[in-house]
Q: 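If you scroll down you'll find the structure; I have some questions about it.
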Amino acid sequence: MQKRLSIVMAEVHLRCLGGCREVGRSAFLLDVNGKKLLIDYGISLNETPSFPLHVRAIDVDVVVISHAHLDHSGSVPLLYTSKIKPYTVSTALSAVVLRYLLADMLKLSGYYLPFEVHEVQEMYESMTLVDNDEVVDVGDVQVRFIHAGHVPGSSMILISCEGFKALYTGDINLVESQLLYPADKQQILRECPIDLLIIESTYGDRAHEPRKIVEEKFVQAVMEVVEGGGVVLIPAFAYGRAQEIMCVLYKYLRDAVEVYVDGMAKALSRELLDYHMYLKDLKLYKEALKKVRFVKRAEQRAEILKKKGIVVISPAGMLRGGPSTYYASILADREDS
Ligand SMILES: [Zn+2]
């Protein structure tokens with residue numbers, strides 16, 4: 001096989017500001033020929049929030065967001081606390097979802113955060129929205145967004161300049177799910193050789209069973225509880241995971257079980273309909289969405305838990321609490337659930 005030789009002319013410096021040897025607060029400052037790209041600027045929400053290493057807004061030419069999960073984007077509003085407003089780029093769907101997640105974080109955090117609604121608004125006013133496969137020019141540096149397969153609208157980021165290429169994978173999924181196609185490997189292979197690779201390694205030390213077997217085992221476990229008259233509580237991220245579970249349950253079970261969806265997953269599930277270009281199978285998604293019942297009021301929850309043989313999908317993201325803790329506190333004493 002013939003190897004292509006890349007002649008790198010660019011001067012490159014990388015600073016890892018967070019997300020190395022830890023989960024959360026991913027942030028990388030890449031300087032290519034003097035253009036400074038801040039790739040992700042996440043937050044860790046544990047007992048107290050932790051932020052990536054500080055970077056001044058004036059020292060950033062562009063902020064690039066790989067996807068809306070807060071561990072990759074929750075600290076971006078911090079860059080809007082001074083008069084300098086860097087411009088931020090993400091896919092349109094990531095921007096929409098991030099707005100929900102940041103609002104939720106500000107409302108529920110219960111601890112001091114060094115920014116407020118005003119900074120979130122400033123961030124939105126400075127945003128450029130792109131689609132995957134689009135290229136943004138930052139001087140002589142090109143930034144390309146490539147489908148990452150992780151959540152709808154998520155991207156890998158390819159940075160090119162004068163023969164130099166860097167790939168930041170963000171969170172990636174190389175396996176096809178019911179909701180999404182896998183990360184675009186062909187596009188990456190076409191771009192090889194890559195000079196600098198920053199890759200997610202969260203589950204890199206584990207071999208997963210084939211997806212189909214995992215789905216079948218999951219559905220079987222759900223049905224065992226449902227057939228015994230119990231309630232299956234599925235705490236899932238409101239964005240991505242909740243919709244994937246809806247699709248899996250619909251694909252395997254159709255009308256065999258009543259599925260309730262609570263919390264922010266309701267609004268985000270509806271938003272996804274406007275961004276169906278990011279979904280693998282719009283027909284399946286629409287049908288799954290039509291079959292689930294949204295929990296409209298908090299008082300409804302106690303009534304739902306009196307039912308037998310149902311499934312409740314309720315978000316339990318990085319912010320602990322919310323409806324899933326209520327469901328769990330009631331169901332903990334029930335042997336059939
Ligand atoms: Zn993620």
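First listed ligand is number 1; within each ligand, the first listed atom is number 1.
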Q: Is the shortest distance from a Lys or Arg side-chain nitrogen in E244 or R211 to a carboxylate oxygen in the other one below 4.0 Å?
A: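 Answer for the salt bridge query: yes.
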
Q: K217 and E209: salt bridge (Lys or Arg N to Asp or Glu O under 4.0 Å), yes or no, with the steps?
A: CA-CA 11 Å; K217 282 185 178 173; E209 281 187 296; 2.9 Å; yes

Q: Under 2.8 Å from the Zn ion (ligand 1), which protein N/O/S atoms are there?
A: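 Short answer, with waters excluded from the count: H67 NE2, H69 ND1, H150 NE2, D171 OD2.
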
Q: In chain order, what residues pass the side chain to side chain donor-acceptor pair (under 3.5 Å) check against R15, with sequence neighbours excluded?
A: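 With neighbours one apart ignored, the set is empty.
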
Q: Are E119 and T81 close enough that a side-chain donor and a side-chain acceptor fall under 3.5 Å?
A: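 Not at all, the side chains of E119 and T81 share no donor-acceptor pair under 3.5 Å.
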
Q: With hydrophobic residues grouped by side-chain heavy-atom distances under 4.5 Å, do I159 and V89 end up in a single group?
A: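 Yes; tracing contacts between hydrophobic side chains, which count when under 4.5 Å, links both residues.
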
Q: Looking only at side-chain N and O atoms, does Y80 offer a donor or acceptor that is under 3.5 Å from a partner on T88?
A: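 Present: a donor and an acceptor within the cut-off.
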
